[in-house]
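Worksheet: one structure, shown below.
Below, chain A is the first sequence line, B the second, and so on; all start at residue 1. Side-chain atoms are counted along with the backbone in the values below, which use heavy atoms only and exclude waters and symmetry mates.
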Amino acid sequence: MNSIQKLSKVLKYVFYAGASLNILVPFLIFTNNKVMEIMNLCRADKWGYHTDNLPVTLERYLSFPTSHKILIGLSVLPAAILYSIALLSIAKLLKLYENGEYFSERTAKQFGNIGKFFIFSVLVSLPQELLFTAVTTMKEPSGQRFMSVGISNHDFSATLFALMIILLGWVMKEAVKIKKDQDLTV
Amino acid sequence: MGIIVNLDLMLAKRKMKSIDLAKEVGITEQNLSILKTGRAKAIRFSTLEALCKSLKCQPADLLEYKEK
């Protein structure tokens, strides 16, 4: 096994774990009071889950019935699922590297998939924010229910990053075609 | 159809084996097989020259065009 194969063998598990946690953690944060309080204490600003962004106060949120919290937890899942699929695509790419397949149509296709799912997760996060704020405030008194949507620097940079990966995948695909022709040049 | 490589025909005419031709030309048996089976996308002039030299023939004896 060469160094690429060895590293890929280990790294793929990191992305499998990341894909699972990416769905589990947000769901837990919004459905479990203890986890929400820990997030508040930890000021998890960097992860986008800090309670300053909750459309209601933390105390009000913690008093919601479990069924409402589960609904809120489900409302944050669509983008997380798409992001997890992107992470699983990275794991699949690493598995191809582990099997010694570095430069083929399949690896080029995986780059395309990674970029596409990152973009889809960004696109879905916009209406998802609408859904999240609507679901969180739906039981509030009249005048305190709202829906909000916003585009941040993070969305732009994530989209740019995803487009770069898609471009890289396309270049690889064309390069594989050229290599195939060269392999069949006698 | 496109370009057809009549390598089998020339090998039979010269009573030569593929393995011997491949050695003389300086290409692998696999590459020779690619030529024989029509899977080649391109052929270098240097390879064509070596084939003609080994098989004592002209390029036209090896390459034929048939309309698709």
Side-chain angles (χ1 to χ4, degrees), chain A residues 1-12 86 88-119 162-186, chain B:
Chain A
M1 241 192 197
N2 62 37
S3 51
I4 297 172
Q5 288 172 302
K6 282 180 192 164
L7 186 64
S8 303
K9 190 177 181 181
V10 171
L11 270 181
K12 75 174 186 224
L88 285 173
S89 300
I90 296 175
K92 197 172 174 186
L93 178 68
L94 289 167
K95 199 167 178 198
L96 289 172
Y97 289 163
E98 188 193 343
N99 293 337
E101 199 175 328
Y102 311 118
F103 191 63
S104 68
E105 278 172 7
R106 292 209 293 181
T107 53
K109 193 181 169 187
Q110 279 308 112
F111 273 101
N113 286 347
I114 293 164
K116 275 180 215 160
F117 282 110
F118 273 137
I119 282 191
L163 286 172
M164 269 164 50
I165 294 182
I166 290 174
L167 177 66
L168 188 66
W170 176 78
V171 169
M172 271 192 82
K173 201 171 149 190
E174 294 301 308
V176 163
K177 278 186 204 167
I178 292 169
K179 185 182 176 287
K180 236 181 176 177
D181 279 350
Q182 280 178 349
D183 284 346
L184 293 174
T185 296
V186 179
Chain B
M1 283 248 138
I3 300 287
I4 300 166
V5 182
N6 294 320
L7 209 49
D8 278 332
L9 197 63
M10 287 312 300
L11 279 168
K13 272 187 182 173
R14 299 289 182 258
K15 292 182 177 60
M16 209 174 178
K17 287 184 187 166
S18 302
I19 188 168
D20 298 327
L21 179 64
K23 250 189 208 160
E24 250 187 73
V25 169
I27 59 175
T28 60
E29 264 190 89
Q30 193 186 17
N31 277 353
L32 196 67
S33 169
I34 287 171
L35 264 179
K36 276 166 75 176
T37 53
R39 286 185 294 135
K41 291 276 181 192
I43 184 167
R44 293 187 187 91
F45 279 141
S46 55
T47 309
L48 184 60
E49 185 184 332
L51 282 168
C52 290
K53 194 176 177 182
S54 297
L55 293 168
K56 295 179 181 52
C57 65
Q58 292 294 315
D61 297 325
L62 285 170
L63 304 173
E64 189 187 338
Y65 171 70
K66 265 197 182 144
E67 199 136 344
K68 283 186 185 176

N31(B) and V186(A): which non-hydrogen atoms are nearest, and at how many Å? O-CG2, 3.7 Å

Would one find more than 12 heavy atoms of other residues, nucleotides or ligands at under 6.0 Å from atom [atom1] of [X]?
{"X": "K92(A)", "atom1": "NZ", "answer": "no"}
{"X": "E174(A)", "atom1": "CD", "answer": "yes"}
{"X": "R106(A)", "atom1": "CZ", "answer": "no"}
{"X": "E64(B)", "atom1": "CD", "answer": "yes"}

Segment of I34(B) engaging chain A (4.5 angstrom heavy-atom cut-off): side chain

To the nearest 0.5 Å, what is the distance between CD on Q182(A) and NZ on K41(B)?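 Going from CD on Q182(A) over to NZ on K41(B), the span is 13.0 Å.
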
Would you give the length of the straight line joining atom CD of Q30(B) to atom CG of D183(A), rounded to the nearest 0.5 angstrom?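 Rounded to the nearest 0.5 Å, the CD-CG separation comes to 9.0 Å.
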
Should T185(A) and R44(B) be marked as a side chain to side chain contact (heavy atoms under 4.5 Å, CB included) after you check the CA-CA gap, both sets of side-chain angles, and the distance that decides it? CA-CA 7 Å; T185(A) 296; R44(B) 293 187 187 91; 4.1 Å; yes

